[in-house]
K.L.:
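Just passing along the structure, written as structure tokens.
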Amino acid sequence: MGKGDRAVSAPFPRHIGIIMDGNGRWAKKFLLKREAGHRAGAQTLRKLVEGMNEAGFEVLTVYAFSTENWTRDDGEVAYLMGLISEYIQQYIDEADKGNGRVRVIGDRSRLSVDLQQRIAMLEQMTADKNGILLNIAINYGGRDDIVRAVRAVAADVAAGKLALGEISERHINEYIDTAPLPDPELIIRTSGEMRLSNFLLWQAAYSEFYATPILWPDFKISHLYEAIEHYNKRQRRFGGRKGS
Ligand code: IPE
Ligand code: IPE
Ligand code: MG
């Protein structure tokens with residue numbers, strides 16, 4: 001499928017965020033363990049990214065593990081970390097064949113050294129590709145993202161590079177995890193929940209939010225096109241009075 005075959009009309013969102021939720025409920029529906037839901041969810045992401053890359057999408061940021069997800073059972077946390085490692089490794093193994101780029105956002109210092117190394121390797125191997133950019137949020141929290149950006153700005157002030165009175169949104173934008181990307185125009189959450197759960201708080205200031213009852217493992221590219229159809233009907237006003 002090429003760009004011209006897209007099922008929707010312009011304006012096309014350049015940056016889409018997805019809160020991949022509902023793996024546990026999907027597993028429950030099929031009387032499976034939560035782990036099976038996470039595995040199915042990881043596969044769903046792989047297929048979606050492949051389809052989006054073929055269709056010419058630019059940037060996808062997905063929420064894989066939040067700063068709050070550490071509070072889950074040790075077994076579930078360990079399984080999720082293992083699954084993330086396994087998928088990162090698969091992407092490494094296939095990196096030479098594909099044209100997709102992968103970046104990880106979030107505080108990776110809390111991840112295992114092995115996982116940190118794999119992430120660094122994958123980022124390096126795909127940095128110069130020209131396909132879709134997949135940002136995977138791992139140990140990511142929007143508040144933590146802002147705190148880390150504030151710290152970096154404060155360090156510039158302490159080093160005399162910046163005066164206190166000069167600090168502006170631009171400086172936070174420079175240090176926020178998704179820099180230098182534009183903010184996501186559209187954020188999708190699966191499984192029917194109507195909250196951000198600490199995802200991209202700074203970047204989501206004017207994102208259009210779309211919730212679908214579909215559980216993440218069942219999410220298909222057709223659902224993404226449905227979300228974009230809705231997005232295209234919205235009137236983004238950014239606080240102004242255009243069209244009203
Ligand atoms: C989303 O699925 C995956 C992660 C948060 C890691 P959940 O595990 O939250 O699934 P539900 O919400 O319990 O159905
Ligand atoms: C948000 O889902 C985090 C991810 C999808 C990685 P959660 O399932 O953790 O969020 P809550 O607990 O329903 O807010
Ligand atoms: Mg959930």
Side-chain angles (χ1 to χ4, degrees), residues 15-49 52 59-91 102-112 115-116 118-119 133-148 176-178 184 186-204 207-220 223-224 227:
H15 182 179
I16 296 171
I18 304 187
I19 302 170
M20 310 183 289
D21 197 15
N23 294 350
R25 276 161 283 174
W26 182 89
K28 200 170 176 195
K29 204 172 85 178
F30 295 104
L31 304 175
L32 299 167
K33 291 188 176 152
R34 294 181 60 81
E35 283 75 8
H38 293 316
R39 185 160 287 278
Q43 194 51 32
T44 294
L45 176 62
R46 270 180 72 86
K47 276 180 72 180
L48 180 72
V49 172
M52 286 178 74
V59 185
L60 173 67
T61 299
V62 293
Y63 207 5
F65 192 94
S66 73
T67 47
E68 288 72 41
N69 286 148
W70 297 104
T71 60
R72 295 189 179 198
D73 287 356
D74 290 352
E76 185 172 355
V77 169
Y79 188 86
L80 282 165
M81 285 298 146
L83 190 64
I84 289 169
S85 271
E86 187 186 320
Y87 271 77
I88 296 281
Q89 187 59 47
Q90 258 191 54
Y91 277 122
V102 180
R103 283 196 51 80
V104 167
I105 62 168
D107 179 4
R108 60 182 81 180
S109 68
R110 196 172 165 183
L111 308 179
S112 73
L115 180 53
Q116 289 184 47
R118 287 187 205 202
I119 289 168
L133 169 59
L134 171 65
N135 286 311
I136 312 176
I138 307 173
N139 188 26
Y140 179 87
R143 288 185 171 180
D144 182 63
D145 191 3
I146 294 167
V147 167
R148 285 183 287 105
I176 209 84
D177 277 348
T178 46
L186 172 64
I187 292 180
I188 299 169
R189 182 163 186 156
T190 57
S191 86
E193 309 294 354
M194 299 284 189
R195 54 179 172 264
L196 284 172
S197 299
N198 209 5
F199 185 54
L200 302 181
L201 297 184
W202 174 270
Q203 298 89 330
S207 303
E208 294 292 331
F209 189 73
Y210 178 82
T212 168
I214 302 285
L215 301 173
W216 175 249
D218 290 330
F219 192 85
K220 303 268 175 327
H223 299 119
L224 174 70

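Counting starts at 1 for both ligands and their atoms, following the listed order.
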K.L.:
One line per pair, note the atom names and distance for all nitrogen or oxygen contacts under 3.5 Å between ligand 1 and the protein.
P.N.:
from	atom 1	to	atom 2	distance (Å)
ligand 1	2 (O)	Gly22	N	3.4
ligand 1	2 (O)	Asn23	N	3.2
ligand 1	8 (O)	Arg34	NH2	2.8
ligand 1	8 (O)	Arg72	NH1	2.7
ligand 1	9 (O)	Asp21	OD1	2.9
ligand 1	9 (O)	Arg72	NH2	2.9
ligand 1	10 (O)	Asn23	N	3.2
ligand 1	10 (O)	Gly24	N	2.9
ligand 1	12 (O)	Asp21	OD1	2.9
ligand 1	12 (O)	Arg25	NH2	2.7
ligand 1	13 (O)	Arg34	NH1	3.2
ligand 1	13 (O)	Arg34	NH2	3.1
ligand 1	14 (O)	Gly24	N	3.3
ligand 1	14 (O)	Arg25	N	2.8
ligand 1	14 (O)	Arg25	NE	2.8

K.L.:
With heavy-atom distances below 4.5 Å as the criterion, would you say the side chains of Ile88 and Ile136 are in contact?
P.N.:
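In short, these two side chains touch, coming nearer than 4.5 Å.
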
K.L.:
Please work out whether the ring planes of Trp216 and Phe219 are parallel, tilted or perpendicular, with thresholds of 30° and 60°.
P.N.:
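The arrangement is parallel - the two ring planes meet at less than 30°.
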
K.L.:
Return the name of the atom in Asp21, of element N, O or S, nearest to the Mg ion (ligand 3).
P.N.:
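Of the nitrogen, oxygen and sulfur atoms in Asp21, the Mg ion (ligand 3) lies nearest to OD1.
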
K.L.:
Give a yes/no answer: is there an N/O/S atom of Glu193 under 2.8 Å from the Mg ion (ligand 3)?
P.N.:
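Of the N, O and S atoms in Glu193, none lies under 2.8 Å from the Mg ion (ligand 3), which means no.
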
K.L.:
Check whether Tyr91 forms a cation-pi arrangement with Arg118 (NZ or CZ under 6.0 Å from the six-membered ring centre, at most 45° off the ring normal).
P.N.:
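Here Arg118 fails the 6.0 Å and 45° test against Tyr91.
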
K.L.:
As an exercise, identify every atom of ligand 2 less than 4.0 angstrom from a heavy atom of Arg195.
P.N.:
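The list of qualifying atoms is 11 (P), 13 (O), 14 (O).
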
K.L.:
Would you mind checking if Glu68 and Arg143 are paired as a salt bridge, meaning a charged N to carboxylate O distance below 4.0 Å?
P.N.:
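No, this pair does not count.
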
K.L.:
Tyr140 and side chain to side chain donor-acceptor pair (under 3.5 Å): which partner among Asp145, Asp107, Thr61?
P.N.:
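Passing option: Asp145.
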
K.L.:
Are Asp218 and Lys29 ion-paired here, with the side-chain N under 4.0 Å from a carboxylate O?
P.N.:
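Here Asp218 pairs with Lys29 in a salt bridge, since their nearest N and O are under 4.0 Å apart.
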
K.L.:
Suppose we screen for salt bridge (Lys or Arg N to Asp or Glu O under 4.0 Å). Which residues come up paired with Lys220, at least two apart in sequence or across chains?
P.N.:
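Testing Lys220 for salt bridge (Lys or Arg N to Asp or Glu O under 4.0 Å), a comparison that skips the adjacent residues, returns none.
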
